[in-house]
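Here the structure comes first, spelled out in structure tokens, and everything after it is commentary.
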Amino acid sequence: NSSHICHNGGIYKRPFKESFEETPMLVAVLTYMGYGILTLFGYLRDFLREWKIEKCHNATEREEQKDFVPLYQDFENFYTRNLYMRIRDSWNRPICSVPGAKFDILERVSYDYNWTFKYTGRIVNDVINMGSYNYLGFAENSGVCADAAAEMTLKYGVGVCSTRREIGNLDKHEELEKLVAKFLGVEASMAFGMGFATNSMNIPALVGKGCLILSDELNHASLVLGARLSGATIRVFKHNNMQSLEKLLKDAIVHGQPRTHRPWKKILILVEGIYSMEGSIVHLPDIIALKKKYKAYLYLDEAHSIGALGPTGRGVVEYFGLDPRDVDIMMGTFTKSFGAAGGYIGGTKELVDYLRTHSHSAVYATSMSPPVVEQIITSMKCIMGEDGTTLGQERVQQLAENTRYFRRKLQEMGFIIYGNDDSPVVPMMLYMPAKIGAFGREMLKRNIGVVVVGFPATPIIESRARFCVSAAHTKEMLDTALNVINEVGDLLQLKYSRHRLVPLLDRPFDETTYEENED
Amino acid sequence: MGLRSAWKQMSWLYYQYLLITALYMLEPWERTVFNSLLISVAGMAVYTGYVFMPQHIMAILHY
């Protein structure tokens, strides 16, 4: 029932089922029409606000600044005032309990169409959580991890009050780093206090001017920020498309740097393990083959895939049965599967020693807080089985089962679901702008908390609801959630799928790499 | 009984209309503006058709 891996040969031998069904033409036309109507009404409202017929709630320039260059005229501000504000109650919901499988929400009401909110004082209890990145269910306030973290608070306190380089290097940090290195199968690792800062502060330490970064189209903002801060040349290849990547690599090797045609100092390929907006898994065997052929370096961001993929939860490298030493820099976060905060980078000892001295995050950022470190240590030992129980292994298997079940049921119901069959991130397409707000509200009415995403995190017509399956969900909870989703899907007419599953577009199906199995 | 289920069906259809045209997100006065514009344009089209269709059909048949 869990992900089977062939242990001979190491190349993934199961059919790699990833699908991104095409947007139906009628739905696309109606979505554009909906956005057109909203834009027209947006212009009308802006006109009324400008001529003071209507009260203006949002930020505008002061009278003295009216002759300066206008600040709020770009599309982003127009979108925020006129489209985002109208359905703003689906986001930033205040949660007042631990975000486990079920949580409590403070009820809010707005009397001026979402410009201001008031709390009614009521708490909505036991809302099923389909939005938290709680893949292995370690976000809990009782149990071994929470007790260990509490003990650590009593022993070390909460604040460290210094950076790693100065006097904030606790023995717990060293223990954590050794444990992470053992978990991943690499020589050494280093842990940082913030996952976003791990990416954005360490990529500038690794590459600089005269280097080339090849980054995937749909990379996370932290990777993009890190790449831009480094000052290297950035070239983007189509999402998960190996032909596009190979073409860029060939061009880079043949032509070299733009004007001087000297060879690039370093070529770094930036990819993620699971892309959280699409639910797709990176084609790691292909990338490693390309990297070895063209002598490039690989930076793998396993923010969502660590703990969630692979038979023992070691991430996407184990999922494909590959050698962790092939990936030069393995980065990941502790926020998702481990229920804590922070990020890590793993690799060879030389790499990690270099980062300890040259990374901005290591030199200037305060080190991780002790209870957080203890939470990671306990949860990692639990996953590895070192605490003597099989709880970690059971959770990994439960997650794989839950993922398969949830995805299969949603696809049978007729929704358009993006991504790989094994990824615990399940994006369900909504498309129309009104359905974004309606879906969030209707699900909350029926006691399910979901995350809906629209522009600018996704392309303008491809708005979606993103479910995150967790090992803490029991089958009953998933069944309840699925029934509710079915009901809301019928009410809002969300079942767009025509069951014509197209394998990943722009990628010719390569029979030689992935063999079809009949199991 | 039939009237109640017909009323339910009509209100579900109106809900779908609101979702597809994104009127669901607009305030009630905006919905009134849009609906009145739509009904007046549709009404004008129907009236024009009612006035001119017989003449057009007779002209086609006489040709």
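First the proteins, then the strands, lettered A, B, ... as listed; each starts at 1. These numbers come from a predicted model, not from an experiment.
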[X] to [Y] - nearest heavy-atom pair and separation:
{"X": "Leu19(B)", "Y": "Ala438(A)", "answer": "CD2-CB, 3.7 Å"}
{"X": "Leu491(A)", "Y": "Trp12(B)", "answer": "O-NE1, 3.5 Å"}
{"X": "Ala22(B)", "Y": "Gly34(A)", "answer": "CB-O, 3.8 Å"}

Counting only heavy atoms not in [X], do more than 12 sit closer than 6.0 Å to its [atom1] atom?
{"X": "Trp51(A)", "atom1": "CH2", "value": "no"}
{"X": "Lys118(A)", "atom1": "NZ", "value": "no"}
{"X": "Leu61(B)", "atom1": "CG", "value": "yes"}
{"X": "Glu27(B)", "atom1": "CD", "value": "yes"}
{"X": "Lys66(A)", "atom1": "NZ", "value": "yes"}
{"X": "Tyr32(A)", "atom1": "OH", "value": "no"}
{"X": "Glu50(A)", "atom1": "CD", "value": "no"}

| query | So do the side chains of Met25(B) and Leu38(A) get within less than 4.5 Å of each other, counting heavy atoms only? | reply |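 Counting from C-beta outward, Met25(B) and Leu38(A) do come under 4.5 Å.
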
| request: Evaluate the side-chain proximity of Arg441(A) to Tyr24(B): yes if any heavy-atom separation is below 4.5 Å, no if none is. | output: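 Tyr24(B) vs Arg441(A): side chains touch.
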
| message | At a heavy-atom distance under 4.5 Å, which candidate from Lys435(A), Arg45(A), Met33(A) has the highest pair count against chain B? | response |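 Answer, by heavy-atom pair count under 4.5 Å with chain B: Arg45(A).
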
| request: Name the member of Ile87(A), Leu492(A), Leu30(A) that forms the most heavy-atom pairs with chain B at distances under 4.5 Å. | output: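 Winner by heavy-atom pair count: Leu492(A).
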
| request: Using modelled atom types only, decide if a donor and an acceptor are shared between the side chain of Gln493(A) and the backbone of Ile20(B) within a distance under 3.5 Å. | output: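 Such a contact is absent between Gln493(A) side chain and Ile20(B) backbone.
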
| query | Heavy-atom distance under 4.5 Å to chain A: side chain of Phe34(B), backbone, both or neither? | reply |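 For Phe34(B), backbone and side chain are both near chain A.
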
| query | Can you say whether Glu30(B) sits under 4.5 Å from chain A via the side chain, the backbone, both, or neither, judging by heavy atoms? | reply |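 Both parts, heavy atoms under 4.5 Å.
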
